[in-house]
Amino acid sequence: FAQAINPFSIIATTFIVNLRHMLMSAALAPHLKHWRSSQVVAFCFELTDESFGIHSLRFERGEKNRKVTLLINFFCQLSWISGSLLGAVTGNLIQDVKPFALDYALPAMFIALLILQIRNNTFLIIAIISSILSLALWVIGVTQWNVIIATILGATIGAGVETWKTRQSY
């Protein structure tokens, strides 16, 4: 808003960036099929990137206790809101983030979440392909959409590989 950007662009960008929540919810949905609708709504409302990473690992291990799951979401969401509030209130006090290496915090968090998701060679190969696609898109000038496009292409390739592997096993 401060840069007088078209409000439609802000809304569209916010919508597209947050589509990841739909993908994360869809990835975890099979583990919630025996939950009540109200519990699924609470789960999805409080789902964050961090809690998605935690639940992906927990659910794969068979850890599906509803109370624990919702409690994890609650504390992740509370941390997210508290951190956002703290940042909004005190953010102007830090003039240069470079000495604190804060400019690396978000990419480092997403890299850590990615590493936790790699369960076998197929996941590793898809992660590498997605990374290469993102970098290639950046190099050719698609600098604002490179990560989103690479993620969609990587997920599509991964889904195709999983479908192909499932069909081969029959």
Side-chain angles (χ1 to χ4, degrees), residues 1-29 40-60 63 67-119 123-158:
F1 288 116
Q3 295 179 1
I5 296 173
N6 180 345
F8 176 76
S9 296
I10 295 170
I11 292 167
T13 302
T14 302
F15 175 76
I16 290 169
V17 167
N18 286 307
L19 279 176
R20 74 186 190 286
H21 290 284
M22 184 177 68
L23 296 171
M24 291 186 300
S25 296
L28 298 178
V40 173
V41 168
F43 175 85
C44 292
F45 178 75
E46 293 185 330
L47 188 64
T48 64
D49 298 312
E50 297 79 11
S51 61
F52 170 77
I54 293 168
H55 295 315
S56 294
L57 294 173
R58 289 181 65 248
F59 291 165
E60 288 295 320
E63 301 171 22
K67 288 181 183 177
V68 171
T69 300
L70 292 172
L71 198 58
I72 289 169
N73 273 15
F74 172 76
F75 282 109
C76 286
Q77 183 74 313
L78 182 64
S79 298
W80 182 266
I81 292 169
S82 301
S84 296
L85 181 62
L86 182 65
V89 172
T90 63
N92 290 333
L93 299 176
I94 301 173
Q95 298 301 318
D96 184 15
V97 297
K98 291 193 189 304
F100 302 103
L102 294 178
D103 50 339
Y104 292 105
L106 193 59
M109 179 195 69
F110 280 112
I111 289 169
L113 290 172
L114 172 66
I115 290 170
L116 292 173
Q117 296 300 310
I118 297 175
R119 287 173 239 153
F123 283 73
L124 177 62
I125 291 167
I126 297 301
I128 291 169
I129 289 170
S130 298
S131 300
I132 291 169
L133 284 170
S134 179
L135 292 172
L137 289 166
W138 178 272
V139 168
I140 65 171
V142 186
T143 56
Q144 292 185 354
W145 294 93
N146 65 310
V147 173
I148 293 170
I149 293 170
T151 300
I152 292 169
L153 291 173
T156 303
I157 292 167

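Ile149 places none of its side-chain heavy atoms less than 4.5 Å from the side chain of Leu133. Taking the side chain as every heavy atom from C-beta outward, Ser56 and Leu28 approach each other to under 4.5 Å. Inter-residue side-chain proximity for Asn18 and Arg20 is flagged as met; some heavy-atom pair is nearer than 4.5 Å.
When all heavy atoms are compared, the tightest approach of Trp145 to Ile16 is CH2-CD1, 3.2 Å. Across Leu137 and Ala150, no two heavy atoms sit closer than the pair CD1-N, 4.0 Å. Closest of all the heavy-atom pairs between Met24 and Leu47 is CB-CD2, 3.9 Å. Between Cys44 and Ser25, the shortest heavy-atom distance links the atoms SG-OG, 3.9 Å. Nearest heavy-atom pair, Ala127 versus Ile118, reported as atom, atom and distance to 0.1 Å: CB-CD1, 4.2 Å.
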Using the side chain to side chain contact (heavy atoms under 4.5 Å, CB included) rule, take Leu86 and Ser82 through it: C-alpha gap first, then chi angles, then the decisive distance, then the call.
CA-CA 6 Å; Leu86 182 65; Ser82 301; over 6 Å; no
Give the intermediate values and the outcome of side chain to side chain contact (heavy atoms under 4.5 Å, CB included) for residues Val142 and Gln144.
CA-CA 6 Å; Val142 186; Gln144 292 185 354; over 6 Å; no
Checking Glu63 against Val68 for the side chain to side chain contact (heavy atoms under 4.5 Å, CB included) test, could you report, in this order, the C-alpha distance in whole Å, the side-chain angles of both residues, the deciding distance, and whether it holds?
CA-CA 9 Å; Glu63 301 171 22; Val68 171; over 6 Å; no
Decide yes or no on side chain to side chain contact (heavy atoms under 4.5 Å, CB included) for Ser79 and Thr48, but give the supporting numbers first.
CA-CA 10 Å; Ser79 298; Thr48 64; over 6 Å; no
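To the nearest 0.5 angstrom, Glu50 atom CD is 11.0 Å from His55 atom NE2. Once rounded to the nearest 0.5 Å, the distance linking SG of Cys76 with CD1 of Ile81 reads 11.5 Å. One distance of note links CG of Leu85 with OG1 of Thr90; it measures 9.0 Å at 0.5 Å rounding. Between Phe8 atom CZ and Thr13 atom OG1 the span is 9.0 Å, to the nearest 0.5 Å. Rounding to the nearest 0.5 Å places CD of Glu46 at 10.5 Å from CZ of Phe75. To the nearest 0.5 Å, the span separating CG on Asp49 from CD1 on Ile54 amounts to 11.0 Å.
At most 12 non-hydrogen atoms from other residues, nucleotides or ligands lie less than 6.0 angstrom from CG of Asn92.
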